[in-house]
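Every chain is numbered from 1 and lettered A, B, ... according to where its sequence line falls, protein lines coming before strand lines.
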Amino acid sequence: MLELLDKRLIFVTGKGGTGKSTVAIALGLLAARRGLRTIVAEVAEQDRVARAFGHADSHFREVELASNLFTISIDPQHAIEEYLSLQVRVKPLADLVSGNRMFQYFAAATPGLSELVTIGKVWELAQLQRRTRGAARYDLVIVDAAATGHGVATLRAPKTFSDIARVGPIARQGRFIHAMITDPSATAVVAVALAEEMPVTETLALGRTLRKQLGLELDRVIVNAVYDERFAPREAGELDRALESAGTPLARAALRAALSEHLRSRAQRAQLSRLRRATGRAPVLLPFLFDAELRQDAYERLAQRLQDAL
Amino acid sequence: VNVADVLADKRVCICGGSGGVGKTTTAAAIAMGEAAAGKKVAVVTIDPARRLANSLGLQELGNEPQLIDPELFAAADVDMRGELWAMMLDPKRTFDEVIERLAPDARTREEVLGNRIYQQLSGAVAGSQEYTAMAKLYELDQDGEFDLLVLDTPPSRNALNFLDAPDRLTHFFEGRALQVFLRPTGVAGRVMGRGTGMVFSVLKRVTGVDLLEDLSVFFRSISGLLDGFKERATAVSKLLGDTKTVFLLVTSPEREPVDEAIFFWRRLKAARMPFGGVIVNRVHHDLLGDLDVEDVTVELAPELGADLAARVAENFRDYHVLARRDRANIERLTAKLEQPGVLMIPHLDEDVHDLEGLARMCRFLFASETERRALLDEVVA
């Protein structure tokens with residue numbers, strides 16, 4: 001798996017609620033620990049990554065979270081302004097444009113422009129020669145991307161725009177960005193799933209959509225929150241019998257919890273085999289963490305698991 | 001909180017919440033419960049919950065509600081007195097239909113539908129799913145075919161976007177003003193503010209002329225639809241705020257979804273949208289209380305052996321961590337929402353993906369307090 005960390009850009013996407021941010025952070029920690037200057041870029045304006053490390057705000061700022069590990073939360077408004085200032089190069093003129101009402105209409109009204117500038121900023125972060133003045137280069141950019149459908153639309157935006165624009169700066173840059181996204185030596189797409197019916201279905205659909213619309217393959221599927229198999233089927237039978245004769249409510253509750261765990265774990269295994277059969281490859285598994293809240297040590301444990309699995 | 005009471009005099013029920021919290025199944029279970037009680041109900045979903053859909057006999061994305069075969073309910077031991085209809089929304093097709101309906105003539109229609117920028121918009125751009133969901137809801141409400149419409153909102157990570165959807169689209173079509181922009185020397189150009197001419201020339205440099213021209217064509221062809229869109233957006237806003245509409249928030253008891261539920265509630269309040277209550281799915285109930293988990297080992301060791309008994313105890317301890325977490329998050333939720341109670345559904349052993357599962361969920365949603373306690377005992381203790 002470590003070849004995954006040899007890329008310059010990793011998109012982490014998947015169904016809502018599967019733990020994309022968690023996986024992006026754990027991947028980021030792993031990369032940073034291995035000496036790569038890494039940034040986890042968020043696109044949902046929730047500052048989740050920063051908050052996981054006790055920082056309140058990473059609003060369009062590159063914030064250092066730990067040694068070698070940075071984060072930024074990208075929003076379209078700032079991305080557009082930055083893009084303009086990079087293009088125009090004369091600050092008062094750029095300010096005049098972005099403050100102009102016509103321009104604001106243009107920005108709000110153009111379908112897909114938010115997606116385009118967001119991915120444009122991601123691309124800029126991944127450049128060896130950063131365009132932002134004074135910005136240092138990163139070895140690896142990990143994108144905590146939008147959920148499946150919107151995630152794919154974001155990946156497709158540069159191509160759509162370069163096709164429409166044909167010539168000029170947007171067409172040119174759209175082509176650059178598209179070329180990088182579709183270059184498997186530079187970019188990886190990782191899907192995060194849960195071992196449940198709908199997330200597995202959506203992951204398989206994501207794989208098909210990526211192939212059809214962008215000619216991309218999913219590099220890895222990471223299945224989050226997998227239960228250990230704590231009880232063998234034979235033991236489950238014993239638990240069942242014990243439940244029938246259990247004397248106290250406490251014992252009954254504990255046995256119920258054990259049988260639940262067994263059932264859920266079994267249902268998860270079934271979904272994991274379904275995923276494996278359909279993708280022809282074993283997914284990377286991350287354990288369900290019985291933590292009340294994920295703190296830095298939890299991410300460290302997940303990073304360790306990723307290292308072992310990759 | 002009892003769903004039947006909340007929905008007693010409602011025509012529209014919108015389920016909101018972040019992704020992965022069981023929103024689609026909750027919406028389906030609510031619709032099924034209301035239909036079982038005798039109403040004609042349609043549930044509108046965007047999530048491709050294939051297996052659930054298939055178990056309801058829905059094979060394809062269709063843009064019209066389909067009646068769920070009553071036989072299926074009989075087979076699942078559900079006493080269905082009304083009708084349950086369901087549809088999985090195809091956002092692209094819904095958007096096309098809106099254009100078809102609003103276009104003043106065939107030429108405009110073809111011009112818009114064939115425009116590449118329109119195609120990008122109607123695909124998967126942020127906001128378009130939300131808009132189409134609202135558009136469909138509005139149409140179904142206008143048709144008046146149903147006693148109750150239940151909408152499962154789009155699975156966007158920032159589930160709040162759809163509240164803005166009507167306004168956002170209006171704002172979007174302010175882009176008509178862009179035509180002025182493309183002829184910056186006219187009177188209108190001067191009205192738009194200082195520097196518009198210069199802005200235009202910068203933009204031309206930045207984007208390329210072709211893109212601007214395509215946009216110009218797009219805005220010109222769609223401008224004929226603008227008034228219809230505005231009218232509709234206003235009507236949708238009105239529908240969302242109507243006394244016959246209610247929003248239910250669906251969440252799991254984990255931190256992030258609870259944060260989003262709180263955020264969502266604030267937005268509802270700020271937008272003066274009618275809020276009906278919160279449904280918390282997958283709750284781990286505290287079964288340990290003041291007891292000591294070590295007693296589990298002691299009590300079960302004679303029958304199960306020390307090793308297995310110890311593992312049962314360890315699993316129970318882990319379970320209890322989740323129960324405590326869930327309780328803390330739910331307390332935070334109720335405190336923030338100034339709500340005395342939320343409707344809790346326990347973490348069931350199996351995912352809900354068939355009619356039996358929906359029926360099980362229904363029982364929790366529509367139970368009285370006493371019934372719910374009995375159900376809970378059945379499931380967890």
Side-chain angles (χ1 to χ4, degrees), chain A residues 15-18 44 84 87-88 93 96-97 100-103 105-106 108-112 114-115 146-147 149-150 152-153 160 164-171 196-198 201-202 205 230-231 235 238-239 242 248-258 260-261 263-264 267 290 292-293, chain B residues 18-21 48-51 116-117 120-121 123-126 155-158 171-172 174-175 177-178 181 192-193 195-196 198-199 202-203 206-211 214-215 255 287 291 295-296 299-300 303-304 308 311-313 315-316 318-319 321-322 324-325 349-351 353 380-381:
Chain A
K15 185 178 177 342
T18 54
L84 260 183
Q87 289 297 315
V88 177
L93 185 57
L96 176 68
V97 173
N100 180 276
R101 223 169 95 210
M102 257 342 295
F103 176 73
Y105 280 142
F106 168 80
T110 305
S114 296
E115 286 82 357
H150 190 206
V152 174
T160 309
I164 293 174
R166 290 180 285 264
V167 292
I170 285 203
E196 291 171 20
E197 172 87 20
M198 277 159 59
T201 302
E202 197 161 318
R230 291 184 170 190
F231 306 101
E235 291 173 326
E238 286 181 54
L239 297 177
T248 66
L250 178 67
R252 292 182 60 78
L255 288 164
R256 283 273 191 180
S260 273
E261 155 84 20
L263 277 176
R264 281 180 210 151
F290 289 89
E293 206 175 299
Chain B
S18 58
V21 297
R50 283 280 158 221
R51 193 156 146 205
R116 282 180 300 174
I117 291 173
Q120 168 80 2
L121 163 78
V125 167
S156 63
R157 173 160 176 179
N158 193 344
H171 188 56
F172 171 89
E174 299 290 356
L178 200 71
F181 191 41
M192 287 317 288
T196 292
M198 194 185 320
V199 170
V202 169
L203 207 56
V206 170
T207 60
V209 178
D210 277 7
L211 182 58
D214 254 52
L215 279 168
R255 197 187 79 168
L287 306 170
L291 301 170
D295 293 345
V296 171
E299 188 179 336
L300 292 175
E303 185 169 356
L304 297 176
L308 184 53
R311 277 186 288 136
V312 169
N315 179 68
F316 195 46
D318 282 343
Y319 177 94
V321 171
L322 300 184
R324 268 201 321 244
R325 172 201 71 181
D349 291 345
E350 287 167 64
D351 294 345
H353 44 58
V380 290

Could you pull out the closest heavy-atom pair between B:F316 and A:A257, with the gap in Å?
CD1-CB, 3.8 Å
Flag the one option from A:S114, A:A205, A:A171, A:A251 with the top tally of heavy-atom pairs under 4.5 Å to chain B.
A:A251
Partners of B:R311 by salt bridge (charged side-chain N to carboxylate O under 4.0 Å, His left out), sequence neighbours excluded?
A:E235, B:D307
Closest non-hydrogen atoms of A:A254 and B:V312, given as atom of the first, atom of the second and distance, are O-CG1, 3.7 Å
Give the member of B:V321, B:L291, B:V21, B:L322 that has the highest number of heavy-atom pairs under 4.5 Å with chain A.
B:L322
Minimum-distance pair of heavy atoms, taken over all atoms of A:A242 and B:E303:
CA-OE2, 3.4 Å
On a heavy-atom basis, the closest approach of B:L304 and A:E238 is CD2-O, 3.9 Å
Once rounded to the nearest 0.5 Å, what's the spacing between atom CG of B:L300 and atom CG of A:L239?
8.5 Å
Would you mind checking which part of A:T18 comes under 4.5 Å of any heavy atom in chain B, side chain (CB onward), backbone (N, CA, C, O), both or neither?
neither
Give, for atom OG1 of A:T248 and atom CD of B:E299, the distance between the pair rounded to the nearest 0.5 Å.
3.0 Å
Under 4.5 Å to a heavy atom of chain B? For A:A267 that would be neither
